[in-house]
S.K.: 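Mind looking over this structure? Questions follow.
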Amino acid sequence: MTKSWNMIGRQRLAASLLMTAFVGLTGCRGGGPAESIQPVSRLPLPLQAYLSLDTYFIAQGMVKGRLSDGRLMHDQARDLVAATLYARQLAARNMMHPTVDGQKRVQLAIEMVLDCVQQANSGSTAACLAPPPVSGAAGSPAADASRPATAESAPR
């Protein structure tokens with residue numbers, strides 16, 4: 001009796017493996033990987049916004065790792081936090097109301113965060129964000145939207 005149950009179990013296992021292989025192979029009938037990969041810019045805006053939010057969280061994890069290292073100058077830590085808060089605000093706003101311009105701003109803000117992390121990793125002791133402009137253009141909406149000047153001015 002045990003022998004018959006063993007045989008039935010083996011047959012079921014073989015059948016399930018065969019079925020799994022068949023299902024797996026039917027998913028591979030596309031024209032190749034080049035046909036299924038699309039540039040992000042060709043995806044719908046809501047999906048682009050979601051991917052940007054995901055990218056922000058990856059960059060935020062890199063910042064957290066760099067801050068937990070503890071070997072940063074005060075200005076570098078301040079700039080990392082300011083850039084991260086700024087990117088978070090833009091990513092959240094773009095997630096709620098995705099636009100092409102918002103997508104570009106989020107991308108630039110995340111690149112700014114990654115540039116700050118890269119500069120901190122390089123051993124440089126300089127701050128990664130430029131000081132705010134001294135001219136009268138600092139109060140204009142375009143200048144304010146470019147990037148945060150300090151952690152105090154970054155949105156929370």
S.K.: With sequence neighbours excluded, what pairs up with A92 under the side-chain contact (heavy atoms from CB on, under 4.5 Å) test?
M.R.: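 Expected list: none.
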S.K.: Which residues end up grouped with L108 if you chain together Ile, Leu, Val, Met, Phe, Trp and Tyr wherever their side-chain heavy atoms are less than 4.5 Å apart?
M.R.: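 So far as hydrophobic clustering goes, L108 is joined with none.
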S.K.: Could you tell me whether the side chains of S52 and Q103 share a donor-acceptor contact shorter than 3.5 Å?
M.R.: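 Note: S52 and Q103 side chains meet the donor-acceptor criterion.
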S.K.: Out of curiosity, L47 CG to R42 CZ, how far, rounded to the nearest 0.5 Å?
M.R.: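 Interatomic distance, L47 CG to R42 CZ, rounded to 0.5 Å: 14.0 Å.
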S.K.: Could you tell me the separation between the CE atom of M62 and the CD1 atom of I110, rounded to the nearest 0.5 Å?
M.R.: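 One finds 11.5 Å between CE of M62 and CD1 of I110.
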S.K.: Keeping S124 on the side-chain end and A120 on the backbone end, is there a donor-acceptor pair under 3.5 Å?
M.R.: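 Not at all, since once roles are kept as given, no pair shorter than 3.5 Å links the two residues.
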S.K.: Looking at every non-hydrogen atom in both residues, tell me the closest pair between T99 and N94 and how far apart they are.
M.R.: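 Closest approach of T99 to N94: N-OD1, 3.2 Å.
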S.K.: Drop me the distance from Q48's CD to K104's NZ, to the nearest 0.5 angstrom.
M.R.: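 Q48 atom CD to K104 atom NZ measures 10.5 Å (nearest 0.5 Å).
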S.K.: Can you check whether T125 reaches D75 side chain to side chain, under 4.5 Å on heavy atoms?
M.R.: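 No, every pair of side-chain atoms sits at 4.5 Å or beyond.
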S.K.: Same hydrophobic cluster for V117 and M73, using side-chain heavy-atom links shorter than 4.5 Å among ILVMFWY?
M.R.: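 Not linked; separate clusters.
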S.K.: Taking the side chain from Q119 and the backbone from A126, do they hold a donor-acceptor pair closer than 3.5 Å?
M.R.: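 Between the backbone of A126 and the side chain of Q119 there is a qualifying donor-acceptor contact (under 3.5 Å).
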S.K.: I need the full list of salt bridge (Lys or Arg N to Asp or Glu O under 4.0 Å) pairs touching residues 106-119, with sequence neighbours left out, sorted by first then second residue.
M.R.: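 For residues 106-119: none.
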S.K.: Checking L53 against V106 for the side-chain contact (heavy atoms from CB on, under 4.5 Å) test, could you report, in this order, the C-alpha distance in whole Å, the side-chain angles of both residues, the deciding distance, and whether it holds?
M.R.: CA-CA 9 Å; L53 190 64; V106 171; over 6 Å; no
S.K.: Taking all non-hydrogen atoms of both residues into account, name the closest pair between L129 and A82 and its distance.
M.R.: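 Scanning both residues completely, I find the closest heavy atoms to be CD1-CB, 4.2 Å.
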S.K.: Could I get the full list of side-chain contact (heavy atoms from CB on, under 4.5 Å) partners for A109, not counting sequence neighbours?
M.R.: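 So A109 forms a side-chain contact (heavy atoms from CB on, under 4.5 Å) with Y86, A87, L90.
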S.K.: Applying side-chain contact (heavy atoms from CB on, under 4.5 Å), can you list everything that pairs with D54, at least two apart in sequence or on another chain?
M.R.: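 D54 satisfies side-chain contact (heavy atoms from CB on, under 4.5 Å) with no other residue.
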S.K.: So, the side chain of D79 versus the backbone of C116: is there a donor-acceptor pair under 3.5 Å, distance only?
M.R.: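 No: the side chain of D79 does not pair with the backbone of C116.
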S.K.: Membership question, hydrophobic clusters at under 4.5 Å side-chain separation (ILVMFWY): are M95 and L45 in the same one?
M.R.: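 The answer is no; the residues belong to distinct hydrophobic clusters.
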S.K.: Could you tell me which non-hydrogen atom of L114 sits nearest to which non-hydrogen atom of A59, and how far apart they are?
M.R.: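 Shortest heavy-atom contact: CD2-CB, 3.9 Å.
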S.K.: So that I can tick it off, tell me whether R66 and D69 are bridged by a salt bridge, with the cut-off set at under 4.0 angstrom between side-chain N and carboxylate O.
M.R.: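 Between R66 and D69 there is a salt bridge, with a charged N closer than 4.0 Å to a carboxylate O.
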S.K.: Out of curiosity, F57 CZ to R88 CZ, how far, rounded to the nearest 0.5 Å?
M.R.: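 Separation between the atoms: 8.5 Å.
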S.K.: Under the side-chain contact (heavy atoms from CB on, under 4.5 Å) rule, collect the residues that match up with T84, sequence neighbours excluded.
M.R.: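 Once residues adjacent in sequence are excluded, the partners of T84 under the side-chain contact (heavy atoms from CB on, under 4.5 Å) criterion are Y56, Q60, V63, V113.
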